[in-house]
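Numbered from 1 within each chain, the chains take letters A, B, ... in sequence-line order. Being a predicted model, the structure only gives us computed values, none of them experimental.
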Protein chains: 2
Amino acid sequence: MIRARKKVKVSAPALADVARIAGVGSGTVSRVINGGKNVSPKTLAKVRAVMQELGYEPSFAARALKGAPSNTIGLIVPTVADPFFSSSAAAIQEVAGLHGTLVLLAASENDPRKEEQEVSALIRRRVDGMILAPSPGSSRTLLQHAAFPVVCFDRPMADASLTTVLADNYGGARVAVEHLVDRGYKRILCVGGYGGLLTSQKRFQAHKDVVREAGLPYLAELGAEDFVSTQSALLRHIRGADRVDAIFSTKNTTTVCIYKVLKELGVRIPGQIGLIGFDDFDLADVLDPPISVVRQPITRIATRAAELLFDEMDHRKPASAITTLDVELVLRGSC
Amino acid sequence: MIRARKKVKVSAPALADVARIAGVGSGTVSRVINGGKNVSPKTLAKVRAVMQELGYEPSFAARALKGAPSNTIGLIVPTVADPFFSSSAAAIQEVAGLHGTLVLLAASENDPRKEEQEVSALIRRRVDGMILAPSPGSSRTLLQHAAFPVVCFDRPMADASLTTVLADNYGGARVAVEHLVDRGYKRILCVGGYGGLLTSQKRFQAHKDVVREAGLPYLAELGAEDFVSTQSALLRHIRGADRVDAIFSTKNTTTVCIYKVLKELGVRIPGQIGLIGFDDFDLADVLDPPISVVRQPITRIATRAAELLFDEMDHRKPASAITTLDVELVLRGSC
DNA sequence: ATGAAAGCGCTAACAC
DNA sequence: GTGTTAGCGCTTTCAT
């Protein structure tokens, strides 16, 4: 018969293991972990040696059970593949790092159902706080019981009054379209997509308001979600007698699509059609012509959101204000 | 004297709270949480109602203490602001989501000290697994005791034999430089930076080997970390009789810098100088001319790394293999 | 079908 | 300076 193998520790070593091997009590090990006050140098050294040898790391789960913070915040964004949100994540992470905190990342894909599951997953992990860019149609049902602060960024949450940081979408879009008007453009087309997002709606509305106020015709293609739909949208407006003379694009990916389509068609920018986009993008200044845009202060938005979160976690600052950050008109050569 | 306020629950509700209010035992609530088997419909409904009312979510910390997995993996990258790593993070997150797992994100900034602290932080949180792009000079000291699988991506870890997934940096760079040779270029300059990274070194080496084998002069500027250093590096090689006729750029940000500098200087691409870069980038096909590159299969690398990690977490697959994924030569119009 | 109770790894309060 | 112990929120027997 095979001898029963001596039971082998398969999981991570625990404080008790360290205590047993070092021949001390658990309290002593705890003291060593937490700075080593009130422990004799000799004991300290021995315990540290054992910890080292075992590769011991204290379990946050056990500490959490005693009420300690998780030193973790949650971040929910549609996807981290989008440069806007990856830049945001980087900025948020940096602020978190300054507070000794890690970021638990979740991608909602703008799906409120998925978002809700992720909120739940974060609550279960007892994060100390949460930053999210709410999906359209997301509700705060789960959040209202949350024992930690929550701040929204880029978009407000429909039915909740949460601390929120976002760009001045309406004002920024106004500045862009007004600039086109000032330059003398008469037929200004608004091209955009993702109409479910509040941010998009604000930009659409600003275009509409400005052209109306200027007595110009309202021209819009609001279903441009990808290259193909953008292309077909444009085709309806750049031929014939009633072709547009300028385009306001409400999103950087759309701006790039528009640029490509116009290039392919041999349309001169800004000679035949002027172009300005909402949101800056990486090579906007290198294209021919360099593209004029209104730029959101992405890093500042995200950093501010994170700072407000940590403020609330420290019980400083009143909650529930909306911070609107100004966008910047970056004139290059496309209009 | 002010009446002492009734003690109010400040932290998240616990299972015991649900049990007490529902008038059942803790075991019953536990059963309800875990699927509701062996619970009468009546009790089930009541308990669920109380859970709902309280916004109860079970604590993962308490479960972890009983040996349950954290359903969390760690991801350490230099920064998530870099498109390569944000795309990777998105892909890894997607795979993790399929496994009901969240991603704990940490940014090492290529600093081995910071990386070590983050590894420690992840171990303390008892992640089920970890994916990292090791910093140059990082050692596996902490990792050797880790009770969970670890896989590296983009770069191998110097002294450890861990499962690793990366692009064929040497082979890909060879293909790029060989293409330049085949096109008849005679003076091929290699421009790059971040020489501390193994990936960079492989690319440098491939260029050196290919030009040597072709009997061409070895020309390299390996300290191009940003626009300014790239600019001054180029200036040394594009004037005078011994100017270069082609450039191999080892990194996409460098490629963009080179493009800008050549444009500013009025150097025609590929007329006066041919250009090819390692790593594709977003608008490479929209520039004038479109830039030829060797493209890493970023998503496939990250996805594979994540899949291998989950395989190891499920105790499938042997550990410690190195997977090298082929890069793709994308010929556009710059050489 | 349900309750009682032990124990997971740690901290804090207390005893020595 | 150091050991002992209760208890944090769960899961999991074991009775009932």
Output the rounded distance in Å from [atom1] ([X]) to [atom2] ([N]).
X: A:Arg31; N: C:dT11; atom1: CZ; atom2: P; answer: 11 Å
X: A:Lys37; N: C:dA12; atom1: NZ; atom2: P; answer: 16 Å
X: B:Ile33; N: D:dC10; atom1: CD1; atom2: C1'; answer: 8 Å
X: B:Arg125; N: C:dG9; atom1: CZ; atom2: C1'; answer: 16 Å
X: B:Arg20; N: C:dA4; atom1: CZ; atom2: P; answer: 14 Å
X: A:Asn34; N: C:dA13; atom1: CG; atom2: P; answer: 13 Å

Under 4.0 angstrom between [X] side-chain N/O and [N] OP1 or OP2:
X: A:Thr43; N: D:dT2; result: yes
X: B:Ser30; N: D:dT11; result: yes
X: B:Asn38; N: C:dT2; result: no
X: B:Thr28; N: C:dA1; result: no

Just to verify, which of A:Val165, A:Ile131, A:Thr303 counts as forming a side chain to side chain contact (heavy atoms under 4.5 Å, CB included) with A:Leu308?
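Single pass found, and it is A:Val165.
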Of A:Leu44, A:Leu15, A:Val50, the residue whose pairing with A:Val32 passes side chain to side chain contact (heavy atoms under 4.5 Å, CB included):
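For A:Val32, the side chain to side chain contact (heavy atoms under 4.5 Å, CB included) check succeeds only for A:Leu44.
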Shortest side-chain distance from A:Val39, nucleotide among C:dT2, C:dC10, D:dT2
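In terms of side-chain proximity for A:Val39, the closest of C:dT2, C:dC10, D:dT2 is D:dT2.
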Closest to side chain of A:Leu15, choosing from C:dT2, C:dT11, D:dT2
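For the A:Leu15 side chain, the nearest candidate turns out to be C:dT11.
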Can you tell me if CZ on A:Arg63 sees more than 12 non-hydrogen neighbours from other groups inside 6.0 Å?
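Check passes, neighbour count above 12.
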Would you mind classifying the nucleic acid contact of [X] as base, sugar-phosphate or nothing, using non-hydrogen atoms under 4.0 angstrom?
X: A:Gly27; result: base
X: B:Val24; result: sugar-phosphate
X: B:Gly23; result: sugar-phosphate

I'd like to know if A:Arg126 reaches the base of D:dG9 with its side chain, counting only an N/O donor and acceptor under 3.5 Å.
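No pair found.
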For DNA chain C, which residues of residues 45-66 of chain B approach it to below 4.0 angstrom with any heavy atom?
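Listed by number, they are B:Leu65, B:Lys66.
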Side chains of A:Asp128 and A:Ser70: is there a donor and an acceptor less than 3.5 Å apart?
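Judged by distance alone, the side chains do pair up.
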Start with the C-alpha gap between A:Val77 and A:Phe153, add the side-chain angles, then the distance that decides, and say whether side chain to side chain contact (heavy atoms under 4.5 Å, CB included) holds.
CA-CA 9 Å; A:Val77 293; A:Phe153 82 108; 4.0 Å; yes
Start with the C-alpha distance between B:Arg113 and B:Asp111, add both sets of side-chain angles, then the distance that settles salt bridge (charged side-chain N to carboxylate O under 4.0 Å, His left out), and finish with yes or no.
CA-CA 5 Å; B:Arg113 277 174 45 85; B:Asp111 176 352; 5.1 Å; no
Looking only at atom types and distance, does a side-chain atom of B:His145 sit under 3.5 Å from a main-chain N or O of A:Glu53, one as donor and one as acceptor?
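Here the side-chain-to-backbone pair exists.
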